[in-house]
Amino acid sequence: MLGRTYRKAAEKAEKPARKGKKDPNAPKRALSAYMFFSQDWRERIKAENPDAGFGEVGKLLGAKWKELDDAEKKPYADQAARDKERADDEKAAYDNKKGGGSEEDDEE
DNA sequence: GATCTGATTGTTATG
DNA sequence: CATAACAATCAGATC
């Protein structure tokens with residue numbers, strides 16, 4: 001599929017503080033496998049690169065990520081999948097409100 | 001139906 | 001406190 005032929009990230013390659021949400025309650029998406037991958041690897045990267053700052057660790061992380069095999073990404077993807085379920089709940093609430101909500105129970 | 005875009009997620013350190 | 005490379009994602013909008 002020609003879909004992801006281009007990388008939006010590579011296109012903009014810049015982030016001029018994009019803010020402003022369109023959704024009323026913004027059903028935040030789930031985390032990415034990288035999020036979990038970093039949580040576990042950030043320790044190792046820093047362990048072997050105590051001097052590594054943001055750029056170094058970031059690039060190292062990405063490099064390692066690609067080095068990993070599909071089987072190694074699996075556990076991380078699994079965590080991401082788990083979080084997705086959580087995100088699904090958020091979306092459920094989002095859909096609930098978005099719907100014609102006559103009764104607004106309460107929200108914190 | 002298929003395609004695309006945008007918004008989001010987390011890490012680090014530093015000004 | 002926001003930002004910046006790194007990667008995934010995926011759900012909603014659009015045609």
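Within every chain, numbering begins at 1; the chains are lettered A, B, ... in the order of the sequence lines, protein sequences first and strands thereafter.
- Nearest heavy-atom pair across A:Leu31 and A:Met35 is CD2-CB, 3.7 Å.
- Side chain of A:Met35, nearest nucleotide from B:dT12, C:dA8, B:dG10: B:dG10.
- Rounded to whole angstrom, the span from the CZ atom of A:Arg86 across to the P atom of B:dT8 amounts to 16 Å.
- Computed from coordinates, the A:Trp41 CH2 to B:dT12 C1' distance equals 16 Å when rounded to whole Å.
- When the side-chain nitrogen and oxygen atoms of A:Lys66 are compared with OP1 and OP2 of C:dA7, one or more of them lie within a distance under 4.0 Å.
- In the set C:dA7, C:dT9, C:dC6, the nucleotide with an atom closest to the side chain of A:Trp65 is C:dA7.
- Separating the OH atom of A:Tyr76 from the P atom of B:dG10 is a distance of 17 Å, rounded to the nearest angstrom.
- Closest to the A:Phe54 side chain, of the nucleotides B:dA13, C:dA4, B:dT9, is C:dA4.
- A:Ile45 and A:Phe54 fall into different hydrophobic clusters, where Ile, Leu, Val, Met, Phe, Trp and Tyr residues are linked whenever their side-chain heavy atoms come under 4.5 Å apart, directly or through other members.
- Close to C:dA11, at under 4.0 Å from its OP1 or OP2, lies a side-chain N or O of A:Lys84.
- Atom P of nucleotide C:dC6 and atom CG of A:Leu68 are separated by 17 Å, given to the nearest angstrom.
- Distances were taken from every side-chain heavy atom of A:Lys59 (C-beta onward) to each of B:dT12, C:dC6, B:dT9; the shortest belongs to C:dC6.
- Distances were taken from every side-chain heavy atom of A:Arg29 (C-beta onward) to each of C:dC6, B:dA7, B:dT9; the shortest belongs to B:dA7.
- Atom P of nucleotide C:dT9 and atom CG of A:Asp78 are separated by 12 Å, given to the nearest angstrom.
- A:Asp70 contributes atom CG, which lies 5.0 Å from atom NZ of A:Lys73 (distance to the nearest 0.5 angstrom).
- If you take CZ of A:Phe36 and P of C:dT9, they are 11 Å apart, rounded to a whole angstrom.
- The side chain of A:Lys91 lies closest to C:dG12, out of B:dT12, C:dG12, C:dA7.
- One can place CG of A:Asp83 at 10 Å from P of C:dC10, the figure rounded to the nearest angstrom.
- Here the side chain of A:Ser38 is nearest to one of B:dG10, C:dA8, C:dA7, namely B:dG10.
- As a whole-Å value, the separation of A:Arg42 CZ from C:dA5 C1' is 18 Å.
- Remark on DNA chain C: of its neighbouring residues A:Ala81 and A:Gly55, the 5'-side contact belongs to A:Gly55, judged by nearest-heavy-atom nucleotide.
- A:Trp65 and A:Tyr76 make their closest contact through CZ3-CD1, 3.9 Å (heavy atoms, listed as atom of the first residue, atom of the second, distance).
- A sub-4.0 Å separation between OP1 or OP2 of C:dA7 and a side-chain N or O of A:Lys64 is absent.
- Contact detail for A:Pro27 and A:Glu90: the closest heavy-atom pair is C-OE1, 4.0 Å.
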